[in-house]
There are 2 protein chains.
Amino acid sequence: MPTIKTSKEEILQKSLLLIWQKGYHDTSIGDLAITLGIAKSHFYYYFKGKEDLMMEILSYMLEKFTQILQRIVENPELDTSGKLQKLASKMARFYDFNGYSNGCLMANTALESVGKDYAFLPIVRKFFSTFIEYLTQIYSEKYPADEAARMAVQALQEFEGALLLTRLFADENYLKQALERIASR
Amino acid sequence: MPTIKTSKEEILQKSLLLIWQKGYHDTSIGDLAITLGIAKSHFYYYFKGKEDLMMEILSYMLEKFTQILQRIVENPELDTSGKLQKLASKMARFYDFNGYSNGCLMANTALESVGKDYAFLPIVRKFFSTFIEYLTQIYSEKYPADEAARMAVQALQEFEGALLLTRLFADENYLKQALERIASR
DNA sequence: GTCTATAATAGGATAGAC
DNA sequence: GTCTATCCTATTATAGAC
């Protein structure tokens, strides 16, 4: 039996972080190999190619994120306000690393893939539509359906804009204030 | 005297559009050459390199955008609401091409350059801080200074988020509705 | 101002030994 | 499961003729 030194899971996790930081196009297999401490070619033992890796990363993120949202929305112990609070704190932890943020991987990917023939687009779209759906569900407990839907879209937009500014100016206050605003509606 | 067939201005304009669509990393000198109808190497007659071109593009955008904002803010014939309306209609025309948007070049660039050693960052930051400053000035006519500043940041965030969704889902309604909201406050 | 040719390198990917 | 060696293509950039 062969010795497992590096697991696919480990490669996925570390690659995710690097691509999140540097962006898809600017992260080469070589960069990944150095970060992972493996030979460049060994990467292909785990993945068909760079695009294949990215698909797995995005799927992983979508799944994890959907889980988080689902648990909050379906938690019977939380009222509307509690759900929004919980969501905000989860997001803050998820996107903020010691006051610094890499922005939203999905948004970054979106901007790097729109208009091209990448397979990434459907999964990125799914991410955002899922986000809006769950948020609409929460706001629906307190507001009429159409109003809730509008609020969800607005909240997502503010959130993404805040992530952009947080990253660009390396100032987590944009993110924190946006989340406060969104949770208090 | 030599014959001028292609001007630097023309290269700049056309390059801007292509990079806006495809993104900086995914646009090669070769791509540009094809679009411009020139030899690949001829590009270097006008620009020191790709990064040099990008700097000029970003400077151009910053200048043009600052002009637009300045003219609106300093127009004595417009009241607060009129300024916001004017701004919204300018933005809609600037960012929306026949119902499709390429998103915000500055935001796209930001996400492609943050965390790297690119010279782009200062100019992208300047763009966003200028935007916030002018918007704060407009809201200040109607709201207290600190409230106006907060509203400006929020408006920018909604706007950028809306551009993201507009591009991702190829649906200009996100942009239109965000602009309506921002202008009516 | 524009082109052809070419250098130089980086990046994605495969073959095959261990 | 991991490595070295290698291939191939794309891409940035330069040299020099017209």
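Note that the structure is a prediction, hence the values are computed from the model and not measured. Lettering of chains follows the sequences in order, A, B, ..., and the numbering in each one begins at 1.
- Nucleotides of DNA chain C nearest to A:Lys48 and A:Asp26 differ in position, and the one nearer the 5' end is that of A:Asp26.
- In this entry the distance linking NE2 of B:His25 with P of D:dT12 reads 10 Å, nearest Å.
- Rounded to an integer number of Å, the gap from NZ of B:Lys22 to C1' of D:dA10 is 12 Å.
- Between the base of D:dT2 and the side chain of A:Ser41 there is no donor-acceptor pair shorter than 3.5 Å.
- A:Tyr139 and A:Glu147 share no donor-acceptor pair across their side chains, judged by distance under 3.5 Å alone.
- The phosphate of D:dA13 (OP1 or OP2) has a side-chain N or O of B:Tyr44 nearer than 4.0 angstrom.
- Judged by distance alone, with hydrogens and angles left aside, the side-chain atoms of A:Thr166 form a donor-acceptor pair with the main-chain N or O of A:Leu175 at under 3.5 Å.
- Put simply, CD on B:Glu51 is 12 Å from P on D:dT12, counting in whole angstrom units.
- Each of B:Thr27, B:Asn102, B:Asn108 was scored for a side-chain contact (heavy atoms from CB on, under 4.5 Å) with B:Gln21, with one residue passing: B:Asn102.
- Relative orientation of the A:Phe131 and A:Phe65 rings is tilted, given thresholds of 30° and 60° on the angle between their planes.
- If you find the closest nucleotide of DNA chain C to A:His42 and to B:Ala39, the one lying nearer the 5' end belongs to B:Ala39.
- Among the nucleotides C:dC3, C:dG12, D:dC3, the one closest to the side chain of A:Lys50 is C:dG12.
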